[in-house]
Amino acid sequence: TYASLWCQGDSMSERDQLLQALMQLQQNSYQGKPTAEFCAEKYAKIKKLLPKVKPKDDDDSQIINAEASLFSMVPNCFQRAGDCNKAYEAYKKELPQASKDGFAKIEDAAQREQIQRSSFESMISKCKDK
């Protein structure tokens, strides 16, 4: 936690860099006014580091659940930044696999897009009709 709050730079361990980026993304997903560039930078850093950082043990929930947390954090960050297009892109990219599989079963592309968009707008309500 302290490393996430106060340490800076690439001399931090990859684990600390990942935890810091996750914390910064989470904070700006629900408060503050981030820029789209900030959201994109933290998102990219997390995606780069996630495959490299392994959980310390079975109780390392921050690392274990990091991938799943992106589904809500990234679209919310972009929404707070005022970029609903990037929010929707991130939503589709980070959609849990079971949901992706469910949407893929809808043969009509326009209907699939409409249902997916409706799901997005119910989660990221400030992007409704944008």
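What you see is a predicted model; the values in this text were computed from it and never measured.
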message = Distance check, rounded to the nearest 0.5 Å: Cys84 atom SG versus Lys86 atom NZ?
response = 12.5 Å
ask   = Should we say atom CD of Glu113 is surrounded by more than 12 heavy atoms from elsewhere, each under 6.0 Å from it?
value = yes
message = Is there a continuous path of hydrophobic side-chain contacts, each under 4.5 Å between heavy atoms, that joins Tyr43 to Ile124?
response = no
inquiry  = For the CG atom on Asp108, are there more than 12 heavy atoms of other groups (residues, nucleotides or ligands in this structure) within a distance under 6.0 Å?
reply    = yes
inquiry  = Please check if the number of heavy atoms outside Glu107 that lie under 6.0 Å from its CD is greater than 12.
reply    = no
query = Checking side-chain hydrogen bond (donor to acceptor under 3.5 Å, both in side chains) against Lys42, which of Glu37, Gln27, Gln26, Gln24 comes through?
reply = Gln24
key: Under-4.0 Å salt bridge between Glu121 and Arg117   = yes
Only distances under 3.5 Å count here; give the side-chain donor-acceptor pairs of residues 64-74 to other protein atoms, sequence neighbours excluded, each with its distance to 0.1 Å.
unit_1	atom_1	unit_2	atom_2	d
Asn65	ND2	Ser61	O	3.2
Glu67	OE2	Lys47	NZ	3.0
Ser69	OG	Ala66	O	2.7
Ser72	OG	Tyr30	OH	3.4
Ser72	OG	Ser69	O	3.4

Same apolar cluster (I L V M F W Y, side chains within < 4.5 Å links), Leu49/Ile46 = yes
query = Could you give the distance from NZ (Lys45) to CD (Gln20), rounded to the nearest 0.5 Å?
reply = 6.5 Å
query = In terms of hydrophobic clusters joined by side-chain contacts under 4.5 Å, are Phe78 and Phe38 together?
reply = no
Derivation and outcome, side-chain hydrogen bond (donor to acceptor under 3.5 Å, both in side chains), residues Gln97 and Asp101 = CA-CA 6 Å; Gln97 191 60 49; Asp101 294 345; 2.8 Å; yes
